[in-house]
Enquirer: 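What follows is a single structure, and I will ask about it in a moment.
Numbering of ligands and ligand atoms starts at 1, following listing order.
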Amino acid sequence: MLLEGLKRLEYRGYDSAGLAVIQDGAIQSEKVVGRVSQLDELVDDRFTGVLGIAHTRWATHGGVTVPNAHPHFDEKHRIALVHNGIIENYHALRELLLKKGHKIVSETDSELIAHLIAEYMDGNVVAAIQRALTHLEGTFGLLILTLEDPNRLIAVRQGSPLVLGIGDNEYFAASDVSAFAQHTRQVVYLRDGEMAELTPTGYRTMTFADRTVVRRPDEITWEIDAIEKGGYDHFMLKEIFEQPSALRNTLAARVRADQGLARLGGITAYSDDQLRSLERVIISACGTAWHAALVGEYMLEELARVPTEVEYASEFRYRNPIVGEETLAIFISQSGETADTLAALREAKAKGAHVMGICNVVGSTIATEAGTGSYTHAGPEIGVASTKAFTTQMAVMTILALQLGHLRNLSLETYSTILNDLVKIPDLIERVLETDPQVREIVPIFEHTTNCLYLGRGINFPIALEGALKMKEISYVHAEGYPAAEMKHGPIALIDENMPVVVIAIQDPVYDKVISNIEEIRARKGRIIAIATEGDDRIASKVEKAIYVPRVAPLLTPFLTVVPLQLLAYHVAAAKGCDIDKPRNLAKSVTVE
Ligand code: F6R
């Protein structure tokens with residue numbers, strides 16, 4: 001059961017793995033550097049206990065070694081724990097424990113917690129843990145078992161996700177529901193500052209100060225096959241192909257072309273007057289979600305004519321941003337747990353901004369703390385490289401831009417054009433997915449290259465960035481995204497006969513300009529791959545390969561142009577034999593700053 005759960009969670013970190021169970025009056029454990037499958041081989045059928053903990057690691061403190069892998073123990077091997085997060089007063093704690101004579105065997109911050117609990121252990125496990133917690137600064141999601149009380153598992157949450165699974169005479173705790181979703185659909189999301197004790201007969205949730213907290217379980221809404229590969233070689237490919245259905249879910253009940261409706265229910269906390277009088281929008285996110293924010297900026301400025309800025313969440317917090325109650329601050333995050341985005345949300349709230357979260361994971365910290373916002377309803381995204389989360393984030397941004405536009409002088413004609421095209425997007429993506437065989441033909445151009453460029457203009461500039469990010473993170477080919485016209489201000493120096501350049505050249509108001517950029521690349525013998533509009537008969541003679549996407553309102557073209565770029569990155573990575581769902585050094589949700 002533990003290994004099965006770990007396999008489901010492996011996408012969240014995968015440099016080493018380990019588990020511990022209480023068995024025959026002792027804590028038995030095993031750890032490996034590498035994947036859960038290696039741990040599985042090592043463990044075989046040796047462990048038979050009924051209480052255990054397990055972990056896959058994404059290194060923060062200390063290298064990738066067996067001693068640094070979790071679980072960690074106290075000196076007497078009577079306490080075992082797994083930890084997500086970072087203990088910020090690590091140095092002071094380590095000094096203190098060393099002075100007290102503790103023998104510390106790893107370089108991790110996590111091990112110190114086990115030693116600290118041992119300091120306070122006098123038979124009452126919960127009380128000892130609570131006293132130890134008062135010394136910890138930083139973020140921690142903890143699962144702890146002890147020989148003092150071999151029937152009790154303690155779960156602790158501070159700044160790192162933890163959710164309980166309430167089964168039939170069995171109880172679970174994990175950082176993500178997918179770890180135990182095949183055993184129970186009843187879940188309790190712990191909040192920061194809360195902990196839980198689980199025994200074979202029940203559970204109790206309480207604060208760190210031991211005040212009981214009563215919370216009714218929520219129910220998981222998605223089906224178990226959402227976290228299976230369903231016949232695809234990789235989750236990423238499955239998730240690329242799921243985009244039409246994911247988008248249908250995002251749009252359902254929010255967009256009705258026949259009724260002229262585009263409305264996010266999640267922002268009803270703000271009155272129409274408040275939304276009408278907004279002076280500014282700030283969107284903050286990281287990585288792929290930041291690219292969705294850039295697309296959102298174009299949409300909000302174009303449709304709602306509201307000045308919009310996009311900030312990297314990691315920068316936002318540290319630059320004393322100017323935000324107040326005239327600002328709507330939007331935070332986009334698939335996982336809803338990204339530490340940088342969460343910190344930015346807290347900063348904006350503290351400054352009095354109206355806030356809104358756009359998250360995929362239901363019950364996640366950003367969704368909960370934002371209070372107001374919309375879920376993308378893309379279903380679980382397991383592949384580390386984000387795909388369906390991205391397109392559904394763009395869809396929520398489009399609805400928001402239409403909704404605000406409607407309140408703020410957007411012409412009915414434009415409103416209807418965009419709305420009518422938006423509902424067609426899932427079907428149009430289905431057509432784009434049919435270009436998969438043509439995308440595969442392009443792979444040899446990239447297989448042996450170490451560099452490539454992605455160019456786009458206007459609302460397709462963020463798509464150039466996203467295409468480049470997908471390529472570099474899963475196939476390890478260095479890829480740069482650039483606004484097409486910026487190329488001549490520097491990157492053009494890189495172009496020669498070995499440099500593939502992907503140009504998004506759809507027929508929109510800047511099409512002719514992009515064609516000029518293509519000519520500039522041709523003159524320098526670059527190898528050009530174009531993402532073009534169906535029916536464009538000019539482009540084929542100018543480029544080495546073209547992938548055609550259906551015609552749609554220019555503002556909505558990112559939904560279509562991004563798909564071949566996702567497929568391209570996927571097939572290049574597959575041709576190179578890369579570990580597509582678990583690219584090196586990455587983790588699905590980055591819960592550390
Ligand atoms: C790229 C990717 C990352 C995430 C980023 C933010 O494919 O997945 O760049 O987009 O780490 O993650 P969330 O959206 O969970 O906040």
Side-chain angles (χ1 to χ4, degrees), residues 11-14 58 84 160-161 175-176 178 234-237 239-240 243 246 283-296 310-317 330-346 356-370 373-394 396-397 454 462-463 465-477 479 481 562-563 565-570 573 578-593:
Y11 67 105
R12 300 183 61 127
Y14 35 81
W58 184 75
N84 286 344
S160 201
S175 52
D176 187 311
S178 46
H234 297 95
F235 281 110
M236 182 183 178
L237 192 61
E239 287 157 7
I240 291 173
Q243 289 179 109
I283 319 175
S284 198
C286 303
T288 286
W290 185 78
H291 298 153
L294 289 177
V295 171
V310 176
E311 292 264 9
Y312 281 116
S314 54
E315 294 293 319
F316 180 79
R317 170 182 186 204
I330 303 174
F331 299 87
I332 308 181
S333 174
Q334 187 284 129
S335 62
E337 302 293 347
T338 301
D340 289 321
T341 312
L342 179 59
L345 163 69
R346 287 177 179 159
M356 168 180 182
I358 298 178
C359 297
N360 191 39
V361 176
V362 174
S364 56
T365 310
I366 293 172
T368 311
E369 287 203 16
S374 299
Y375 285 116
T376 44
H377 298 309
E381 189 182 65
I382 310 283
V384 164
S386 192
T387 52
K388 63 176 180 172
F390 177 71
T391 36
T392 54
Q393 286 159 353
M394 290 197 298
V396 172
M397 289 308 308
Y454 284 71
I463 301 306
L465 294 177
E466 175 60 7
L469 177 62
K470 289 287 92 84
M471 182 63 88
K472 64 187 141 197
E473 69 181 336
I474 61 166
S475 71
Y476 317 138
V477 173
V562 75
V563 175
L565 304 188
Q566 295 168 338
L567 288 169
L568 177 63
Y570 174 83
C578 299
D579 192 346
I580 294 177
D581 283 335
K582 300 187 195 80
R584 70 184 177 208
N585 304 339
L586 292 173
K588 183 68 181 164
S589 79
V590 186
T591 51
V592 293
E593 271 194 64

Enquirer: Mark yes or no for whether W290, through its side chain, and A313, through its backbone, hold a donor-acceptor pair below 3.5 Å.
Expert: no

Enquirer: So which pairs with a foot in residues 376-385 pass salt bridge (Lys or Arg N to Asp or Glu O under 4.0 Å), sequence neighbours left out?
Expert: E381-K588

Enquirer: Between the side chains of T288 and E466, does any donor sit under 3.5 Å from an acceptor?
Expert: yes

Enquirer: Go through the structure and list residues passing salt bridge (charged side-chain N to carboxylate O under 4.0 Å, His left out) with K388, not counting sequence neighbours.
Expert: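 Applying salt bridge (charged side-chain N to carboxylate O under 4.0 Å, His left out) to K388 gives E242.
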
Enquirer: Under 3.5 Å, is there a donor-acceptor pair between the side chain of T341 and the main chain of S333?
Expert: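 It does not hold such a pair.
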
Enquirer: Could I get the full list of ring pair (Phe, Tyr, Trp, His ring centres under 6.0 Å) partners for Y454, not counting sequence neighbours?
Expert: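 With neighbours one apart ignored, the set is empty.
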
Enquirer: Write out the protein residues near ligand 1, meaning a non-hydrogen atom under 4.0 Å from one of its atoms, in order of chain and number.
Expert: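 If the criterion is a heavy atom under 4.0 Å, then ligand 1 touches C286, G287, T288, A289, S333, Q334, S335, T338, V384, A385, S386, L469, K470, E473.
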
